[in-house]
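Here is the structure we will look at.
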Amino acid sequence: MLKRITLIIISLLFIRISFFPPPIQDRYWIYARIFFGAFLLILILNKKYLRFLISYRDWPLWLFLICLFSGTVSATDKSVALRTYLYLAMNFLPLFYIGKYLYGSDKNINMVSTVICICAGLVAFIGLTELYFGKNILYENFIFNPYYERYVKFNRRPIGTQFHPVVLGSYLLGCLPFSFGLFGKKPLCLKSLGILTSLLCAIVIILTPCRGVLLGFVALLLFYLWKRKKKRFFIVFLFCLILLITICSSPKNSNLYRFESGKTRWESADSIL
């Protein structure tokens, strides 16, 4: 029974993250808090998992929150800084313990990875269709997006369901490790899902194109190849990376030029956005 409830809740959680842009999430934030609280309550009431959830080994979490709070002391506008901190903490705490429970067993890991990969694959596919057709129904008819005209109509960069190219790239980058985790899984359908999702996410990340996201993507791939001891692929990837930077240094296309190596400091700041 708990497994079915967990599957439903996790599916709803990642559907919310994947397909509801920030304005919608901000409008209904109270329901998200209730959602997180109800899930945690279900886990806490189950004595089997209570000891596992609450542990002194979680001290890095509390240290992180304390350090994060220290930033509000030197903030220019302390009220805004405090509200931002409370918003982050109230989201981070329940998600941490929910994630801790989910990664307590291999069955849960496979279930979570599958849900995330399906959501990420659909979001990436929406981004590709947006580039192809030059429009996004979500922002044309339902939600106001101040970046829509700039990134969809003129300087084309995928937004998908994530409101901004940088957010889309960051979202897909965060989903990639779960796709990689399915490479060695059985049955074959899980492995195929991981490979397909990885390709879709990688393509859209490059098409975003955001320098910060690309750097994260490069670091993630290099770490994965090093961890799996894939020396040949490691060298080939480095060669392809150098070739990409060299090619992108020549054209006048502003999107490709973002991956060029010789940009000035103020130009690089703009390329992150």
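Quick note: numbers below take in every heavy atom, side chains included, and nothing from hydrogens, waters or symmetry partners.
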Do F14 and F19 have ring centroids that are under 6.0 Å from one another?
-> no

Under a single-linkage definition using a 4.5 Å side-chain heavy-atom cutoff for Ile, Leu, Val, Met, Phe, Trp and Tyr, are F20 and I34 assigned to the same hydrophobic cluster?
-> yes

Distance from L88 atom CG to L65 atom CG, nearest 0.5 Å?
-> 9.5 Å

Would a distance-only check, ignoring hydrogens and angles, find a side-chain to backbone donor-acceptor pair under 3.5 Å from Y224 to P177?
-> no

Taking every heavy atom of S179 against every heavy atom of T197, the minimum-distance pair comes out as OG-CG2, 3.3 Å

Evaluate the criterion side chain to side chain contact (heavy atoms under 4.5 Å, CB included) for residue pair S170 and V166; output intermediate values, then yes/no.
-> CA-CA 6 Å; S170 302; V166 175; 4.1 Å; yes

Angle class for the F92/F64 ring planes (parallel below 30°, perpendicular above 60°, tilted otherwise)?
-> tilted

Is there side-chain contact between L128 and P158, with heavy atoms separated by less than 4.5 Å?
-> no

Nearest 0.5 Å, what's the CD1-CG distance between I116 and L176?
-> 11.5 Å

Does a side-chain heavy-atom distance below 4.5 Å link Y85 with M90?
-> no

Do N136 side-chain atoms and Y148 backbone N/O form a donor-acceptor pair below 3.5 Å?
-> no

Does CZ in F125 sit with more than 12 non-hydrogen atoms of other residues, nucleotides or ligands closer than 6.0 Å?
-> no

So which heavy atom on G194 is nearest to which on L182, and how close?
-> CA-CB, 4.0 Å

Rounded distance [0.5 Å steps], CD1 in I15 versus OG1 in T161 = 11.5 Å

Hey, is the main chain of V73 close enough, under 3.5 Å, to the side chain of K78 for a donor-acceptor pair?
-> yes

Can you tell me if CZ on F142 sees more than 12 non-hydrogen neighbours from other groups inside 6.0 Å?
-> no

Where the side chain of T208 meets the backbone of I205, is there a donor-acceptor pair that is under 3.5 Å apart?
-> yes

From L220 CG over to L215 CG, what is the distance, rounded to the nearest 0.5 angstrom?
-> 12.5 Å

When rounded to the nearest 0.5 angstrom, what is the spacing between CG in L200 and CD1 in I126?
-> 11.5 Å

Are F144 and L168 grouped together when hydrophobic residues (ILVMFWY) are joined by side-chain heavy atoms under 4.5 angstrom apart?
-> no

Is it the case that one hydrophobic cluster holds both F217 and V167, taking links as side-chain heavy atoms less than 4.5 Å apart, direct or via other members?
-> no

Would you say the side chain of S192 lies within less than 4.5 Å of the side chain of L196, judging by non-hydrogen atoms?
-> no

Between C119 and Y171, what is the shortest heavy-atom contact and its length?
-> C-OH, 3.7 Å

Minimum-distance pair of heavy atoms, taken over all atoms of I143 and P21 | CD1-CG, 3.7 Å

Check whether any side-chain heavy atom of F178 lies under 4.5 Å from a side-chain heavy atom of T114, and answer yes or no.
-> no

Are L13 and L95 side-chain neighbours, meaning at least one heavy-atom pair lies under 4.5 Å?
-> yes

Where the side chain of R157 meets the backbone of Y151, is there a donor-acceptor pair that is under 3.5 Å apart?
-> no

Could you check whether the rings of H164 and Y147 sit parallel, tilted or perpendicular, using 30° and 60° as the cut-offs?
-> perpendicular

Looking only at heavy atoms, what is the nearest atom pair of F96 and L61, with distance?
-> CD2-CD2, 3.4 Å

Quick one: do V236 and L225 end up in the same hydrophobic cluster if we chain Ile, Leu, Val, Met, Phe, Trp and Tyr together by side-chain heavy atoms under 4.5 Å apart?
-> no

Please say whether more than 12 non-hydrogen atoms of neighbouring residues, nucleotides or ligands are located less than 6.0 Å from CD1 in I137.
-> no

State plainly whether one hydrophobic cluster holds both W62 and L86, where clusters connect Ile, Leu, Val, Met, Phe, Trp and Tyr through side-chain heavy atoms under 4.5 angstrom apart.
-> yes

Under 3.5 Å: donor-acceptor pair, side chain of E130, backbone of I159 = yes

Side-chain donor/acceptor of N145 to backbone N/O of Y139, under 3.5 Å | no

Under 3.5 Å: donor-acceptor pair, side chain of T72, backbone of L82 | no

Quick one: CG on L131 to CD1 on I203, what's the gap to the nearest 0.5 Å?
-> 11.5 Å

Option among S113, C175, S198 that satisfies the side-chain contact (heavy atoms from CB on, under 4.5 Å) test with F180 = S198

Considering non-hydrogen atoms only, spot the tightest contact between S18 and V123 and give its length.
-> O-CG2, 3.5 Å

